[in-house]
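Report on the following structure.
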Amino acid sequence: MPQTNSSKAQSMADSVLMRRLWWLQSFFFSTWIFFCFKAIKEAIFLVDEDYRTRFLGEVFLYYNPMFMVALVLWLWGINLYVFAYSRISYAKVFDLDPSHLTHRDIWKIAGGLTMTVLTSMSLYMYFYSQGQLNYAAAQPLFLYCALPLFLGLPLNVCYASSRFFFLNTLARLAFPLNPITFADFFVADVLTSMAKVFSDMERALCTMYFYQVAKPELAIRPGMCGSDSVWIPFILAFPYACRFFQCLRQYSDTRDKSCLFNALKYATAFPVIGLSALKYHIMWDLWLSRFRPLWLFFSLINSCYSYYWDLSRDWDFGCFTTACQKRKNSALRPNLYYSRRWVYYWAIGSNLVLRGAWTYKLSAHLRDYRLTAFAFSALEILRRFQWIFFRVENEFNKMNMRAPAASISLKSRGVNSNALEGTGGDRNWMISLGAKYDECL
């Protein structure tokens, strides 16, 4: 009994200490954010009005992509929190080891990145307003170098296993030479929603390479780092090309024809990107009369095709199938893990609206309107992380439904399923016995 009381007292002491640390951290970060915004406000008023528009444009160009990356991390943390609350084992879906990151770890990383980007931006604006342009130019350069260096840090610190897992997934995504895993396709799909972010990063890195940072007297070199850069449509198309080749690789492995239809879905993004970029290389009248209607046509095809695939295949809802009338939950699927039914119908409706925004943000001509570009990029990221809730739920549901069937198959082959425990989980031994992991990822 004394030992039990001692344990309770120690637990209460630890809880009090954690709360104090939380309040101390909150005070520190709140004070830091206050001074950052104070420096930003003063810098805006100190910059000459003749250069203020270009100054704010440069700030947006360099720091908007990094804030978007931070937003992705914050939302991914929310995803993991909801999965844990709803008892959806995302670790099983992604085949993660027991030391995988939790939502708290993700939020720590997101908070650290947010503070780093905000600090770099405030320093850039402060040095710019004070006329110390060399110091200002160094801030975005340091920031863009720090992120890849952190990811590739060859030390067993700062979530090393998770960093290396992510880098390995990126390598598999760029070179789909091995069979496609759920993590491979999942990361590739998230990157398609960040295509506009990557194109903005390309423009930012281009200005750094050509020494155009914090030089208000210089105009951006046309055809090189400006709106008519030939690299922008290639950057926008790259994530879709990766996903396209993943589908072809999966068709080669499984001979499942639905993989070809999935590849076609990603291929419909290429005309949207190409026709939009063409605007900067032809006469305006020709664009309006001939190519703009084509762009609208392919945009509509892309949005409708992607919306259909989201609901019928990725989420396995019965809205567009003959099974809709037979299902218990009508337009949904039989097994639902989220307790509130209305969120599914909200997702169906909002995904339709945001799919239009998803297509429009592929447009190269959107880059001329900063606030509009920011809004559409943020909406697409929000749509993608709404999609994640139901995509992972559906995959977890499929894995649970396959497990009994796999057990029956094992018994029919005279294999003891208990002997396979500890050999990598249900998914690995199912694959080793030839079970079909998914129709098409």
Side-chain angles (χ1 to χ4, degrees), residues 33 36-37 39-41 43-44 47 51-76 109-129 136-148 150 190-210 212-216 220 225-229 231-233 235-236 238-239 273 276 354 357-358 360-385:
I33 292 172
C36 284
F37 277 105
I40 290 170
K41 180 180 177 181
I44 291 175
V47 173
Y51 298 123
R52 187 173 295 170
T53 301
R54 175 173 169 79
F55 165 65
L56 294 176
E58 284 196 0
V59 172
F60 179 86
L61 175 62
Y62 301 135
Y63 294 102
N64 173 60
M66 287 300 183
F67 277 119
M68 286 297 177
V69 174
L71 175 62
V72 167
L73 291 174
W74 283 111
L75 292 175
W76 177 235
I109 298 172
L113 179 60
T114 302
M115 295 302 298
T116 301
V117 176
L118 183 61
T119 301
S120 177
M121 185 176 75
S122 60
L123 288 173
Y124 174 83
M125 298 178 74
Y126 170 78
F127 286 130
Y128 195 111
S129 64
Q139 303 310 313
L141 180 62
F142 287 156
L143 179 64
Y144 277 76
C145 289
L147 185 59
F150 170 77
V190 172
L191 295 185
T192 59
S193 295
M194 298 179 67
K196 182 66 174 65
V197 176
F198 296 137
S199 70
D200 289 342
M201 283 186 177
E202 183 273 334
R203 295 181 68 194
L205 292 171
C206 182
T207 58
M208 296 178 200
Y209 181 81
F210 288 103
Q212 296 180 354
V213 184
K215 292 186 178 180
I220 295 179
C225 302
S227 296
D228 55 349
S229 171
W231 289 105
I232 290 179
I235 299 297
L236 288 171
F238 180 73
I273 297 171
S276 179
L354 294 176
W358 176 86
Y360 192 67
K361 67 116 182 124
L362 293 178
S363 306
H365 56 265
L366 187 63
R367 67 192 78 149
D368 294 329
Y369 308 97
R370 297 186 185 96
L371 292 180
T372 306
F374 172 82
F376 275 98
S377 296
L379 285 174
E380 166 55 17
I381 290 174
L382 289 172
R383 186 203 68 79
R384 175 59 64 184
F385 283 86

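The chain is numbered in sequence order, starting from 1. Keep in mind the model is a prediction, meaning the values are calculated, not measured.
In terms of heavy-atom proximity, Ile44 sits nearest to Arg52 at O-NE, 3.1 Å. Residue Pro65 comes nearest to Tyr144 through the heavy atom pair CG-OH, 3.8 Å, listed as atom of the first residue, atom of the second, then distance. Between Ala204 and Thr207 the shortest heavy-atom distance is O-OG1, 2.7 Å. Considering all non-hydrogen atoms of both residues, Gly112 and Thr116 come closest at O-OG1, 2.7 Å.
For Ser193 and Glu380, the side-chain atoms include at least one donor-acceptor pair closer than 3.5 Å.
With rounding to the nearest 0.5 Å, the separation of OH in Tyr62 from CG in Leu143 is 12.5 Å. Considering CD1 of Ile235 and CG of Asp200, their distance stands at 11.0 Å, rounded to 0.5 Å. Distance check: Arg384 CZ to Thr192 OG1 gives 4.0 Å after rounding to the nearest 0.5 Å. The distance from the NZ atom of Lys196 to the CZ atom of Phe374 is 11.5 Å, given to the nearest 0.5 Å. Annotation: the span from Leu71 atom CG to Phe385 atom CZ amounts to 7.5 Å, rounded to 0.5 Å. Distance check: Cys145 SG to Phe150 CZ gives 15.5 Å after rounding to the nearest 0.5 Å.
In this structure, Val69 and Met194 have side chains that are in contact, with non-hydrogen atoms separated by less than 4.5 Å. Within the 4.5 Å cutoff, no side-chain heavy atoms of Ser120 are placed close to those of Phe142. Inter-residue side-chain proximity for Gln139 and Tyr63 is flagged as met; some heavy-atom pair is nearer than 4.5 Å.
Residues satisfying the side chain to side chain contact (heavy atoms under 4.5 Å, CB included) test with Ile109, not counting sequence neighbours, are Leu73, Leu101, Tyr159. A search for ring pair (Phe, Tyr, Trp, His ring centres under 6.0 Å) contacts involving Phe55 returns Tyr128, not counting sequence neighbours. In this structure Leu118 satisfies the side chain to side chain contact (heavy atoms under 4.5 Å, CB included) test together with Ile33, Cys36, Phe37, Ile40, Phe67, Met121, sequence neighbours excluded.
Checked by atom type and distance alone, the side chain of Thr114 pairs as donor or acceptor with a backbone atom of Ala110 at under 3.5 Å.
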Side chain to side chain contact (heavy atoms under 4.5 Å, CB included) between Arg203 and Trp231, intermediate numbers included = CA-CA 9 Å; Arg203 295 181 68 194; Trp231 289 105; over 6 Å; no

